[in-house]
Amino acid sequence: PSALAALVLVSLAHDVQDAREAIGMYSTKTTMIWGSLTFPLLTLLSFRTSIAWGRFWDGNGLLHAMRGEWFDSASCLATFSYPAKQSKPELVNEFR
């Protein structure tokens, strides 16, 4: 399917170029308009991408911090239940 689409685009490229020249799309004025529109759009896109990456890495750091807190909590629970294992082994096994 993609080879067929490429073949159609190549065959139409010549006709489309003639149409662009007929309407004056290759003039200097049009090039300046596209350039003046493209620069702010690319600047805005790069700014938004930078903000998104910052949010991603902040979330990633918070996720790792939360995982560490859960690990600390689980290890504290296991450690604090160790002395009671001798006196109440059934309850400690049920708790763990």
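In this text the structure is predicted, and so the values were computed from the model without any measurement. For the numbers below, each heavy atom of this structure counts, side chains included, while hydrogens, waters and symmetry mates do not.
- Applying the under-4.5 Å side-chain rule to Ile, Leu, Val, Met, Phe, Trp and Tyr, the cluster around Leu63 extends to Met66, Trp70.
- Remark: Thr49 engages Leu45, Trp53 in a side-chain contact (heavy atoms from CB on, under 4.5 Å) (not counting sequence neighbours).
- Ile51 pairs by the side-chain contact (heavy atoms from CB on, under 4.5 Å) definition with Phe47, Arg55, not counting sequence neighbours.
- Within the hydrophobic cluster formed by Ile, Leu, Val, Met, Phe, Trp and Tyr side chains joined at under 4.5 Å, directly or through other members, Leu44 stands alone, with no partner residue.
- From Thr79, atom OG1 reaches atom CG of Asp72 across 10.0 Å, with rounding to the nearest 0.5 Å.
- How far CG of Leu7 is from OG of Ser2: 11.5 Å, rounded to the nearest 0.5 Å.
- The neighbour count for Phe39 CZ, taken as heavy atoms of other residues, nucleotides or ligands under 6.0 Å away, does not exceed 12.
- Every residue meeting the side chain to side chain donor-acceptor pair (under 3.5 Å) condition with Asn60, not counting sequence neighbours, appears here in chain and number order: His64.
- Membership of an apolar cluster is not assigned to Leu4, as no side-chain contact below 4.5 Å to another ILVMFWY residue is traced.
- Atoms CD and CZ, from Glu69 and Arg67 in turn, are 12.5 Å apart once rounded to the nearest 0.5 Å.
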